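Reading through the structure tokens given below for one structure.
Both counts, for ligands and for their atoms, begin at 1 and track the order of listing. Source: prediction; values computed, not measured.
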Amino acid sequence: MLQPLSVTPGFDLWPGLLDLEAQTALVAAILEAAEAAPFAQYETPQGKAMSAAMTAFGPLGWVSDRAGYRYADRHPGTDRPWPAMPRALLDLWARLGDPETPPDSCLVNLYRDDARMGLHQDRDEADPRFPVLSVSLGDTAVFRIGGTRRKDPTRSLKLSSGDVCRLSGPARLAFHGVDRILPGSSSLVPGGGRINLTLRRAR
Ligand code: SIN
Ligand code: FE2
């Protein structure tokens, strides 16, 4: 199998793993899903609107409002189940995530020009022994990753369209975020911007 770059222990990167055809097919699947499960800018529990808009694929989606963060089996706007996970994502997880247990959630983050995501840990999943697998589409992101304590030193790297990365083992609970995107660095996403997919085993 293609060897990833080990950026930090447990944080692996496969630059350009998805070719343009695969990227285009995923964007089409995302836009179709977004018709049934529209992108929404959730509120943090503190009442601030997040700058990235979100939707999800699969049995569970991640939602946030004044009541807190959680996985939910329905889209909060439509009260309908989330769209099915595209086959290509199930296959990617089987190769790089976990060969035995399928993902039960794929979060879809849409970053328009000035969207970002503050440094955080992904810790709403029941079992951190499962990795988080991330796919970047569209504009390049300036991504930041540190250690398991907020104060740990961080490093930043660019994630470009087609890149796949994985947080597992010692990096599974690493703080990470998106400082900014580089608008106009890709024309993949209609209307511009970046879409990030994260495959997870939430329950
Ligand atoms: C996330 O941490 O949920 C998203 C990371 C990214 O957009 O690359
Ligand atoms: Fe995250």
Handout entry: Heavy atom of the protein closest to atom 5 (C) of ligand 1 (residue, atom name, distance)
Key =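 Checked against all protein heavy atoms, atom 5 (C) of ligand 1 sits closest to N196 OD1, 3.7 Å.
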
Under 4.0 Å to a heavy atom of [X] - the qualifying atoms of ligand 1, by number:
X: M117; answer: 1 (C), 2 (O), 3 (O), 4 (C)
X: N109; answer: 1 (C), 3 (O), 4 (C)
X: H176; answer: 2 (O)
X: Y111; answer: 4 (C), 5 (C), 6 (C), 7 (O)
X: R200; answer: 3 (O)
X: F143; answer: 8 (O)
X: R194; answer: 6 (C), 7 (O), 8 (O)
X: V178; answer: 6 (C), 7 (O), 8 (O)

Practice task
Specify side chain, backbone, both or neither for M54, according to which of its non-hydrogen atoms lie closer than 4.0 Å to ligand 1.
Solution key: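 None of M54 does.
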
Practice task
Report the part of L107 (side chain from C-beta onward, or backbone N, CA, C, O) that has a heavy atom under 4.0 Å from ligand 1; answer both or neither where that applies.
Solution key: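 Looking at L107 and ligand 1, no heavy atom falls under 4.0 Å.
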
If we only count heavy atoms from C-beta on, is the [X] to [Y] side-chain gap below 4.5 Å?
X: I195; Y: V108; result: yes
X: W93; Y: D98; result: yes
X: R194; Y: V178; result: yes

Exercise for the section: Indicate the ring-plane relationship of F143 and F11, choosing parallel, tilted or perpendicular according to the 30° and 60° boundaries. Expected result: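 It falls in the parallel class, under 30°.
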
Problem - D124 and W62 side chains, donor-acceptor separation under 3.5 Å - result: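 Note: W62 and D124 side chains meet the donor-acceptor criterion.
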
Exercise for the section: Have a look at D122 and say which of its N, O or S atoms is nearest the Fe ion (ligand 2). Expected result: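 D122's closest N, O or S atom to the Fe ion (ligand 2) is named OD1.
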
Problem - H120, any N or O under 3.5 Å of ligand 1 N or O - result: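 In this structure, H120 places an N or O atom under 3.5 Å from an N or O of ligand 1.
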
Exercise for the section: Please name the residue in the list R172, R203, R201, R70 that meets the salt bridge (charged side-chain N to carboxylate O under 4.0 Å, His left out) test with E125. Expected result: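 Going through the options one by one, the only one that passes is R172.
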
Exercise for the section: Could you pull out the closest heavy-atom pair between L173 and D122, with the gap in Å? Expected result: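 That closest heavy-atom pairing would be CD2-O, 3.4 Å.
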
Handout entry: D139 side chain vs S185 backbone, donor-acceptor pair below 3.5 Å
Key =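 Indeed, once roles are kept as given, a pair shorter than 3.5 Å links the two residues.
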
Exercise for the section: Would you indicate whether E32, at its atom CD, is surrounded by more than 12 heavy atoms from other residues, nucleotides or ligands within a distance under 6.0 Å? Expected result: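 Check fails, neighbour count at 12 or below.
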
